[in-house]
Each structure stands twice: as structure tokens, then as C-alpha cells.
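Inspection log for the structure reproduced underneath, given as C-alpha cells.
The chains referred to below are lettered A, B, ... by the order of the sequence lines, with proteins before strands, and numbering in each begins at 1. Note that this is a predicted model, so its numbers are computed, not measured.
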There are 4 protein chains.
Amino acid sequence: MIVVLKENPNPRQLENLIQWLKSLNLDVHISSGSQQTVLGLVGDTTSVDIDLVRALDIVADVKRIQEPYKKANRRFHPQDTIIQIAEGISIGGGNFQMIAGPCSVESPEQICEVAKAVKASGASILRGGAFKPRTSPYAFQGMHAEGIKLLLEAKAETGMPIITEIMDIGQLELFGEVDIIQVGARNMQNFELLKHLGRTGKPILLKRGLANTYQELLMSAEYIMSGGNEQIILCERGIRTFETFTRNTLDIAAVPVLKELSHLPVVIDPSHALGIARFVPTMAVAAVAAGCDGLMIEVHNDPPHAKCDGPQSIRPEAFDVLAKRVKAMRQLVTSLEG
Amino acid sequence: MIVVLKENPNPRQLENLIQWLKSLNLDVHISSGSQQTVLGLVGDTTSVDIDLVRALDIVADVKRIQEPYKKANRRFHPQDTIIQIAEGISIGGGNFQMIAGPCSVESPEQICEVAKAVKASGASILRGGAFKPRTSPYAFQGMHAEGIKLLLEAKAETGMPIITEIMDIGQLELFGEVDIIQVGARNMQNFELLKHLGRTGKPILLKRGLANTYQELLMSAEYIMSGGNEQIILCERGIRTFETFTRNTLDIAAVPVLKELSHLPVVIDPSHALGIARFVPTMAVAAVAAGCDGLMIEVHNDPPHAKCDGPQSIRPEAFDVLAKRVKAMRQLVTSLEG
Amino acid sequence: MIVVLKENPNPRQLENLIQWLKSLNLDVHISSGSQQTVLGLVGDTTSVDIDLVRALDIVADVKRIQEPYKKANRRFHPQDTIIQIAEGISIGGGNFQMIAGPCSVESPEQICEVAKAVKASGASILRGGAFKPRTSPYAFQGMHAEGIKLLLEAKAETGMPIITEIMDIGQLELFGEVDIIQVGARNMQNFELLKHLGRTGKPILLKRGLANTYQELLMSAEYIMSGGNEQIILCERGIRTFETFTRNTLDIAAVPVLKELSHLPVVIDPSHALGIARFVPTMAVAAVAAGCDGLMIEVHNDPPHAKCDGPQSIRPEAFDVLAKRVKAMRQLVTSLEG
Amino acid sequence: MIVVLKENPNPRQLENLIQWLKSLNLDVHISSGSQQTVLGLVGDTTSVDIDLVRALDIVADVKRIQEPYKKANRRFHPQDTIIQIAEGISIGGGNFQMIAGPCSVESPEQICEVAKAVKASGASILRGGAFKPRTSPYAFQGMHAEGIKLLLEAKAETGMPIITEIMDIGQLELFGEVDIIQVGARNMQNFELLKHLGRTGKPILLKRGLANTYQELLMSAEYIMSGGNEQIILCERGIRTFETFTRNTLDIAAVPVLKELSHLPVVIDPSHALGIARFVPTMAVAAVAAGCDGLMIEVHNDPPHAKCDGPQSIRPEAFDVLAKRVKAMRQLVTSLEG
């Protein structure tokens, strides 16, 4: 961390600042020029509150050099994290998984039909929403407990592990048999929820918020990890920009950047990012080319009658084509890396 | 709502669509051209799921003409909503209030000293965080129950009503004596929290999310209102843009736009928007000139030692100057409107 | 185009509006409901000024259904445009080209050394800046006429066609032997320049502006095309968002979207988008997976001493690896499409 | 400027770097910790190419402490710049001016009628576009030379100095009698145009680009100033964000921030920022409250028939009300500052 002082700092305040920084177990190196004095702080600055230092009278600016996250940081954990989802199904460290299923669980027939279809095409994890974050209070909000029950039936019938979204910590007791708990983009900085999830032993898929930076995503992962749960899957699902043709802008660079900054697996959700089904397969394949550890794809047996997000859902037949392309792409990516 | 059909729609599918729309109590007007057929839907389209219609095979595009919110909509509620906070203190409909206080409650001395100072300068409502949403799990998270206790002591001592932020519905029982419950920007779309708050009888100050549109803010207000609680204060606190000199970009146009779209009062928080204390007074005054119903200002007796957000907090003396300018500005605004 | 009228429009004004629209050779379909009257305009609405209609007293809103561009529109030109750059080198319609070279031309040795290296690795077109748009007037601005001379020497020596950026129409006379004229992101809406380029017979590579939409990019292409020059290559080079870790956000979805909306070839420039050399190869490969018609890659023989944009330039050896991966990726993409 | 080195930098490369920096007349202070070595550069770093340093093998990061602009920098020019537009009409340093007129010049009657009306209401400078940057090549592009002729007639008739936009340096000869040359948002980084304008002796109104930072705006001013022309008026006209209800987001904080960073006058154009006439007066008044040195307002005698930007133009009667409010606001702002 670099602390740039204002011109002619008060010597007593400067001395106080230096003593305080040393009390945090930091080495302080002073570089004094004719115009500018700069302090270089060496040591573990993770817990130094940068805003607090910046507010001091004698401080002109503070710049962080090291990342403010530790447990999610590849610097301190060089090996890829591999998360075991179920017998034979793990993600990260070269293990790639396809997560597929409808936006919402709607009926026993719907979820089972989709589950069987996506499994046959190569998906290994079943998605389906029971609690749905909808912008409008008048829109379908999901089947709640009944939705989770139907997901569990589909799990029993197909053997696929399941992932579904939690919206409030009060719902946690329903998630006992759920294999991966999803935190949606709008809850990425619901810090109370993150803290609670840090105390569960379950894999968490954490979606990047619509206007959140890579660092903020990793800080939210750090919230969960600092509670003891280190099984985090990061998910890029599109960010909000000025472009309105697609629902959001899929930031595929998140894959190589997050994998450099962190050891956690990175999954891409092109369905929510694009919001238009016909562009999903192309972007899914591009994300795989960029090295993502998994994809999350919305598949519906009857998109025009989906109770939510129909426009972005592809049909099982389209998913089958997509899955074949993804498989071919994975082979190429693996051979190029090998 | 306008439904634009693809060229040569399947006649049976078109007939089904029309029947379904009519079953929603909508009048359907068909306009057929040589290239394009357009359906005009007349009636209450609030509960029509636009995504669902857009996903239909024969539909090229759907455009909403009426707003998807009703209770928050000035069209159906032309009079300004006036919210009574305490005896003699109301907001909206020409009633302007200054909310001031520290970012976080830190000690009995701190909160009482700040409260007395801001009251003397003309603030009528005391703010102070007990639960703090911090990006880093290693940063100060607030004093929690103890913080609320200290706020209540400051309320008892000064007679000022208090506002403080809720981060999780599990904290609600601590808010019994709190006068206004704040929902922070990161929880603007925490829909479960909004639903719960809709069942309380307390005024809610709802902050706009960092990347949320006016319409999304009003839809979140609608969530609370549709639960029965119509005492909502909207708050603009800066949006995230490409400019990084200030923390966020304060969108002052939110004042006239939100007040046209809705009858709810609109408050501006320049402290969080700017993130730099020395720009807060100027922007506060500009927001008042734009017609806001209140300001929310961070004031700290010792900003360099504030436990959070020190750089954006002004000192009580600066607040006193600000309050005088705001008072003069309010007089001018009132005289120009009169 | 859909014109939504305000409630109870003045009948005379409505009649005038309808007559005027008919005078533009448009069919006007009126759909009157109890609350809302809507006009559906059928015909060629390209030249209707949407802002002008929106400003009318009786108009509540106007929504365009057809795109406002014609020559760039795939609807009116379903076949891919193929642009012949040189003998045996064309782009679009399944023809893929690698454009590579330094950000700026710096010396005869530098440009020739890089040109030979990238050609050996499979690049077919040489890039190199002679006129450099730099944010600071104190930064290196390019070698100007001398730079173009050196590019032409490299062209003579290697046989590679060359592309270089024009910044002002006054420079055009120097571009006689240049094979592709590049319009940079900051000049995408320099409409006078576009008009002039529309009168040349040269292929133009048009970069998307940092905050421009797909439609605006296509409208700028339309500017050039409406002048008679239809040889446009569209180029996505990153857009400006709130994320600052990478210089810009590479919007790979531009590939499938632009190729659906338009028949023009689409090239990706990951070097400028990312701004960090080590992420360029991964994103280049992902862009190819998405189906782009070409790549534009900055390569420098000595990036730390490049006079501009060194951090984003890769070395010839890294380009050689990249080119091999791109070749393998192209084979896969072609086989999947086949 | 702070240069952060990678761990264990090569000693020879480090020595080379230090020698090179010293050759630029910079003092170099080395701060070596157990993990990190930091160089503090003291002296005039304006012309150090930050990207070039960042690209060096041994460099992890570079952070600028001083601004990269000099002539536009208040640090080196503490007094407000005052620009004399005409006899008795200057801007900056407490001098406030209202610029008003139509988006485009359309006819002798239109421009003269509007000019007389806005002058009567208190505007001192007449605006009117002769060269119009339009997104569509099929939209009205302005009257060109004829438009400037009409503006000059209105100037002769009313005595008002005029401002009009230049789009290409080739148009400059037509600007001999124009009092202020406007550079539009889309040309803010048309560096060739800026360089040419730096050689004229005319006041330049430089609009901030739709996605440009404060620093980039000041760097563009620096381009003009470094050519010898220091009469620059900065203009904020809205930035592009995710919010689409208004055309752009008016960033009023640009006023206090730019006035702190620079000595140049700052003008606000709420018409283009909002794009909706009925919100213009409120935002104009708010901008004045924030301390801007002038306003630029679109006024049209018949907005529904304006040939461009009708929806954002107000009528002369509305301008008269606006001007009265602005006058009252200026009095308040002046009295508060006094």
C-alpha cells in the first residue's frame, strides 16, 4: 500500500500516522522528495481500511498494491480449487461441467422431461429455480418449497445433482438435499446472506452482480470463505452497460482474469447475459474457448410457455447441438493446453 | 402494450394469442400492413409478463406503453404522498427534511455529540448505521444491537427521530423504536426483504441501486407497497459509471423524473454519491435547487477517525454552513414555485 | 414504426399528422382504444426522423420497428459481403484473415522485422500506426508520412497488404497505396470523415466507439456506404464500462449480433480491448470461436520499448503460438458449421 | 509518479530504469521492502508515458500522482481564466452567460425570431447549428455555409455574439466572424481538429464526450492549449449510462470537480443531456446552483417542427421563465459565496 502525503505534512500527525501503521505490523518506508512524500507500507495490508487512511488530514491519496482478499487469492493458494459436487462430478482444475435446466421449476412433468433431455445430451448438473427474483411483484415468483420438492424428485429420477437459488437465509432449511446453492447477481452483496452461507458446508455458486467489479466479486467470495466455506464457484452472467440490444454484456474476459486472480472455478451463464436464446449457443462455445470451468444454460421444453425468462431459454434439441459443440471445443481447448 | 408480430404469422397461433390476451381482460386492436401486423393491447397490462409474450414464436417484439407499476405511479395517485415521521416532521408535498449523522454509530459520545450538533444546525432526523454493508469482510461491520441502543439514547436525548439501515429481515425485531428503516443500494432488489418490509407499518427509505434504472427503483417500491406499506421515501445516492474521480455519479435528474413518474418523496444522498467530503455541500445545494424533498448528509465529529466512510463525512461546522445554504435555497425554490 | 398518441389528441392535429405521414409514402393504420390511440406506419421508414415525430404535441411516444439503416442491413442484403483486400486475400463470407503488427511504426528495422515474423506465423495483413490518436498532446503521435513510407517498404518487402489509421481527411492523399483505411474508435462518429471515405474506393475498417451501440456502429457504416463505398469491415475493440481491471470490456457478442443485423464482415481487436498482453491470446481464440471474420493483434518485437501501447503488445513468439491456436480453432469452427 | 516493481527485479534492468528516469530530470526515491520495491518519481512527470513504463518487464504497476495536464491545471494557474467573448460579455471568474438558440439554423425568420426572443429574456450569446452531427446519414445535416450566413445576419441584427459547431477543419474558413467555435461531444477526441484549433485565436467551447472522464476532457483542452490557444470553455452535456429514460445522465458534479482541477470556465448544456424539454429548466437551475459559469439552452419557436432535436427544445416563453429563475439563482449563489 502506498500512502501519498499532502505537501508539507504536519510533523506530529505524520509521526502519529507512522506509529499507527507500525502498530498494524507493517513496515513503513518513507520516500521524501522536494514536492511529495510517499509512504510505502510493506506487510499484510488486507485489513487496513483504505478509506480510513484516505480520510486523514495529511493524506493526499492511498493506492493499494496488493489485493484486499486473501482466501480467494491465487497468490496464497496457487493450485486450482476443485469442488466435488457428487460422485464423479467435480468442477475446477480441468474438470468441466454443464449445468442445464429451466429457469423455474413449473411442474413435475416439465422438470423431469427437461432433466432427462439435458442429461442425455451431456449435462451433469440440473438447474431449476424455486425462488425467483423478479423485478415485478406481479410476476411469477416461483413454486418455493414445492419447487424444491420437484427438483429433488428429478434428482432421484435422473441421479443428477441439483443447483437452485436461495434468496433469503430463512429459506436455508429447505436446501438440505440441494447440491449447490446459488447466490443470484442481485444478492452478490447481500453480506448477511454471504456470512450465513459461510457457515454451511455446501458448494456455493456466486453470481457476479450486474455492476460489480472482479474485485468486488472476489471480496464477496471472501465473505463466504472467511466464514469457513471455501467451496465457491464464481459465475459471470453479464454486466450492465449502455448497450441494450442484448439484455446485458457478457464479459468473457472474466474467465482468464478471475482465473489469474483466484484459484476458484469460473462458470459462464450466457443465457441471462444475452437474454436472447438464439445467441446463447455461440456465446457458450466462445466461453468454453476462453477456458471456463463450466456453463450454465437455460433449457425449457416449451420456451413460449415458460413462466419466466422464456426468451432466453433454448429447447432440448438446440441444447443437444450446443452440447456436442461444447464437447468438441473442450477437446480442442484441452489439446491446446496439453 | 404493443405486440409486433413476425411476418406471416401462423393464423392458428395468432388466434390463440388473441384469445389469451382477451382472457386477461384486454382489448386487442389489430393493425395489419403489407409487411407487419401489430396488436395494440388496451386495458390494465401491469400484470402481463412482457418476457412471456416476447418468447412466443409469432412475436417479433413487444413494447410497453404504460408503466408496469401501479401503486407507486403518479398516474393513479396524482397527489404527492406526505409521510409523517414524527410529531411535526413530515416529508413530501412541500415538506423538506434534513437527515444527518455519522455513517456508523461508534460510541455514546460520538452519536450524541453529532446529533446535538446537527440538530442545532437544523437537521430534523438523525442517521447512523448499526449494520454496515462493507465490501470487505475484514472491515468494521457496525455495532449491531448496541448501535441501535445508542441511536435510541441519542433519540431520547435530542428528541430527533432516527433512521438506520436493515440488512436482513432477521434484524427486524431490533427496529421497533426506529422511525425510518433504510434499505441500502445493495439491497434494492433483495425482494424477500422488500416483501417483509411491506408488512411493517414503518416508513421505508429505499435507496436506488448502483446500476438500477428509475423504473426498477419504482418496481422495488411497488414490492413494498403491494404488501400494504405505502410509506416509501425514494433515495438517489449515485450510480456507477465509467467516471472514477468521484465514487459514483450523482444523477440529480432523478429528482424531477421520479417526481413526475411517482407521488413518493425523493431524497438525495450526496455523501455516498461523491465519496469526497469537500464536494458534498455544493451538490447538496444543487439537489435542493432541483426540488428534492430532503437530503441525507454524513456528518462526523472526527472524520479522519471515522470507522467507515470518513472521506465523505463533513464536520459539524461544515454542516452548519451547508444547512444555512440549504435553508436559503429552499426559500428560493419555494418562492419560485409559489 | 409505431406512433403512440397522447390521450384525446386534437382531431385536426391528428389529421395533419396522418396526411404528412402518408405524404412520405407510408401506410398508416390506426388502432383506437378507450385510452390509447396508436398509429402503425408501414413502408420505408428509414428516412423518418423519429425525434421530429416524438416532438409533436399529440405524440406520447414513437417506437421504431425496422432498423434505420438500409445498405448495411442484412434484411436487404442477405448474402455475406466479401471484401477483396489483395490477390488471394479476402475477408467475410467464410474468409478469415489475421491482421498483425505494431501499434506504431517506429523504424524501418522494427516494422520489417515484425512484418516478416507475423507473416511467417500466418498473418496476412500488416498493421502499423503512422498517425496515432493519443490522449495526451505530450505523447508520441506517430511518424506520419514517414511512417506510411516505412509501411509501404514493409509491404514491398513482404508482399503483405497494409492497414493504417486515418485521423483527418487532410491525410487522405498519403493513403494511395494503403490497402485498408482504418477509422479509429474516437472517430467512429466523425461524420465528415465518414462522408469523405464514402467517396473513396478503398476498404474501410470501422472501429466501434468506446460507448457506441451496435446500431450506431451500423449507422456510421451506412454513412460511408451511402456515399458509394460498400467495402466496410466492422471492428469491435472493447467498450467502456465500470470495470477498470482491463482497459475496456471486450463485447464478443458483437460478433453474432452484428453478423445477424448486417452482411458486413466483423473483426475483433482484443489488444486494445484488454490492454494487457497476457490476456490477448485467450480472448483472440474466444473471438474466433464466436465466428469473427478476422483478428487484429498488436505485435511488437520489443514491447517494453514500444513507443505506444506496449502493455498490450505481444512478442512475435507469442503471436506464433496464438496463430497456431487460431488456426486450430478456425478448423473446428468451420467443421462445426459445415 | 509511483513505480511499483515486481518481486526480485533484475538488478541491471532496475539500474537501467533508474538511469533513464533520471535522464528525464526526475528525482528517483527508492523504497525497498522485503516483498516490494517502490520508486517514487519527483519532478515534472507530465511527459512520462505511463504506458511505456508499465510495459517494462520489471514493473508491476505505475500510478500517477500528479495530473498529466499542465496548462489546463489549476495547480499551475490558480486564478480563474476569464474569456472575453465580445464587448461587455465575458465568461469565467464570476462572469455568467446564457447561451441560447435553436439546435439548427433553419431559416432567416426562425433564427432571427429566436435570437430576439432569447435576447429579450436575458441570453447574451446566440447558438445555432450550421453543421449538424447526426447519427443517420438520412437525417437533416444542417444548412452549412448558408446557416453560418444566417447566424451572422442574426448577429448583425441583435448584436449578440454567436457560437456554432465545427465538424471538420476544412470548414474553418467559414468561421471567421463566429465568436465561439464549438467542438461537439463526438469530436472531443478528434485530436487533429483540436491541434488545428490550437492555432486559431478564437474561444473554443469543448464538449465532454459521452463516455469521457474529467481527465480526458482536460487532456483535450490541453491539446488546444498546447498549440497556443488558451481560451477554452469546458462544457458538460451528459454522459452515457445504463439509464435510458433520459437521453443521457447530466453529471452536475462536473462543475465543482472541473473547477477544482482547472481554472477554465465550465458551462452546462442540460438540453442535450436530458433530451426531454420539460426537464430542462429544473436541471438548468440546479446546474447554476452548483456554480457553473454559463448555460447552453436549446430554444425553438416551434419545437414540433424543428428539423433536429425538437424534443429537447423549449419555447421562448418557457425560456423566459427559465431565465428569470436562473437570474434569481445566480443572485443567491453570488450572495452565498460573497
Given a strict heavy-atom distance threshold of 4.5 Å, which part of [X] is in contact with chain C: side chain, backbone, both, or neither?
X: A:Arg240; result: backbone
X: A:Thr241; result: side chain
X: A:Tyr214; result: both
X: A:Leu332; result: side chain
X: A:Gln215; result: neither
X: A:Ile276; result: neither

*Please check if atom NZ in C:Lys327 has more than 12 non-hydrogen atoms from other residues, nucleotides or ligands closer than 6.0 Å.*
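No, the 6.0 Å shell around NZ holds no more than 12 heavy atoms from other groups.
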Within this structure, what is the [atom1]-[atom2] distance for the pair [X] and [Y], rounded to the nearest 0.5 Å?
X: C:Phe245; Y: A:Glu260; atom1: CZ; atom2: CD; value: 5.5 Å
X: A:Lys324; Y: C:Leu336; atom1: NZ; atom2: CG; value: 11.5 Å
X: A:Phe242; Y: C:Glu216; atom1: CZ; atom2: CD; value: 8.0 Å

Between [options], which residue shows the highest count of heavy-atom pairs closer than 4.5 Å to chain C?
options: A:Thr213, A:Thr282, A:Thr246; answer: A:Thr213
options: A:Val255, A:Val321, A:Asn212; answer: A:Asn212
options: A:Leu250, A:Ile252, A:Asp251; answer: A:Ile252

*Which one of C:Val288, C:Thr244, C:Val257 has the most heavy-atom pairs closer than 4.5 Å to chain A?*
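The residue among C:Val288, C:Thr244, C:Val257 with the greatest pair count is C:Val257.
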*If you take all heavy atoms of A:Met283 and C:Ala253, which pair is closest and at what distance?*
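Closest heavy-atom pair between A:Met283 and C:Ala253: CE-N, 3.3 Å.
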*Taking all non-hydrogen atoms of both residues, which atom of A:Ala289 and which atom of C:Ala286 are closest, and how far apart?*
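Shortest heavy-atom contact: CB-CA, 3.9 Å.
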